[in-house]
Amino acid sequence: MIQRVQSIYLAIAFIAATALFFVPVISFVDMDNVGQGSIKELVEIKTSGKYVMSMAGPSQVETYIPGIVLTIVVAALALITIFQYKNRKRQISLCWINAFMALGLSVFMMIKAQPESLGQVSDWKAHIGSYLFTVIIIALMLALRSIRRDENLVRSADRLR
């Protein structure tokens, strides 16, 4: 049923994956151009791309198409898995696929943030987005555990009949 505990965990994974579009993963101050008379730039890395903050507002410098696609897939799979409550085997496989996709998304974002941390930067900060990857994976693992528990309860009830 939709009211089961795994639905709550899957909803948490969906909300966390959706939030990745709106919150930065990391931010830093780019110091590479300071010697040439340039001003320092505040840069934010999100799953959708790299943004430079200015007085006029944020401007997107680079777009991360794989980040966008993986974030959409992780959120959509979590939502689809909620409504597969009649087929627990499919729910289990979708949870595993989603966990590997979320892990791939976190690795992708780590790779995108790595070259930035090697340059001349200061005030490097991890934001809430960097922790949401962990929230997604933990929520999916808890949902997986709850689905398996339901499956075992149904099997033991069938044996008693």
Side-chain angles (χ1 to χ4, degrees), residues 1-30 32 41-54 57-151:
M1 287 190 171
I2 293 180
Q3 300 91 358
R4 304 234 170 155
V5 113
Q6 62 260 27
S7 298
I8 294 170
Y9 294 136
L10 291 167
I12 289 170
F14 170 74
I15 291 167
T18 305
L20 282 173
F21 280 116
F22 305 106
V23 296
V25 177
I26 64 165
S27 69
F28 55 89
V29 176
D30 190 3
D32 282 338
E41 296 177 327
L42 176 64
V43 179
E44 284 188 348
I45 304 286
K46 295 183 179 182
T47 56
S48 57
K50 180 178 178 180
Y51 294 84
V52 174
M53 303 300 159
S54 66
S59 62
Q60 190 167 5
V61 178
E62 190 176 346
T63 303
Y64 301 149
I65 299 296
I68 294 170
V69 170
L70 282 172
T71 306
I72 290 171
V73 167
V74 168
L77 272 177
L79 192 62
I80 290 168
T81 306
I82 292 173
F83 296 104
Q84 297 295 317
Y85 59 88
K86 291 183 182 179
N87 190 344
R88 287 186 192 90
K89 291 184 191 283
R90 185 177 298 149
Q91 262 190 330
I92 289 171
S93 63
L94 286 175
C95 275
W96 276 114
I97 291 168
N98 204 0
F100 285 121
M101 292 284 195
L103 187 63
L105 177 61
S106 65
V107 168
F108 173 77
M109 290 310 297
M110 184 178 63
I111 290 170
K112 284 299 184 182
Q114 188 64 29
E116 304 299 342
S117 64
L118 296 176
Q120 292 186 6
V121 298
S122 70
D123 293 335
W124 188 91
K125 293 179 189 173
H127 289 278
I128 188 78
S130 61
Y131 303 108
L132 287 177
F133 300 113
T134 306
V135 169
I136 293 169
I137 293 171
I138 289 173
L140 289 170
M141 292 297 111
L142 289 172
L144 190 60
R145 188 178 76 176
S146 297
I147 295 166
R148 284 187 176 153
R149 188 178 308 139
D150 278 356
E151 184 68 22

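- In terms of heavy-atom proximity, Gln60 sits nearest to Ser48 at NE2-O, 3.1 Å.
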In residues 98-106, what donor-acceptor pairs under 3.5 Å come from side-chain atoms, sequence neighbours left out?
residue	atom	partner	partner atom	Å
Asn98	ND2	Val74	O	3.2
Ser106	OG	Leu103	O	2.8

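- Residues passing the side-chain contact (heavy atoms from CB on, under 4.5 Å) test with Val107 are Ile111, sequence neighbours excluded.
- One distance of note links CE of Met109 with CG of Leu20; it measures 8.5 Å at 0.5 Å rounding.
- Within the 4.5 Å cutoff, the side chain of Thr63 has heavy atoms near those of the Ile68 side chain.
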I'd like a table of donor-acceptor pairs (distance under 3.5 Å, sequence neighbours excluded) in which one partner is a side-chain atom from residues 128-141, with atom names and distances.
residue	atom	partner	partner atom	Å
Ser130	OG	His127	O	2.6

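- Atom CG of Leu10 and atom CD1 of Ile15 lie 11.0 Å apart (nearest 0.5 Å).
- The two residues Cys95 and Ile147 have their closest heavy-atom pair at SG-CD1, 3.9 Å.
- Checked against side-chain contact (heavy atoms from CB on, under 4.5 Å), Ile80 has the following partners two or more places apart in sequence or in another chain: Gln84, Leu94.
- Side-chain atoms of Gln91 come within 3.5 Å of backbone atoms of Thr81 as a donor-acceptor pair (strictly under, hydrogens ignored).
- Counting only residues at least two apart or in different chains, side-chain hydrogen bond (donor to acceptor under 3.5 Å, both in side chains) contacts with residues 137-150 comprise Arg4-Asp150, Gln6-Asp150.
- In terms of the side-chain contact (heavy atoms from CB on, under 4.5 Å) criterion, residue partners of Phe108 (sequence neighbours excluded) are, by chain and number, Tyr64, Pro66, Lys112.
- Taking every heavy atom of both residues into account, Val23 and Lys46 meet most closely at O-CG, 3.8 Å.
- To the nearest 0.5 angstrom, Leu144 atom CG is 12.0 Å from Tyr9 atom OH.
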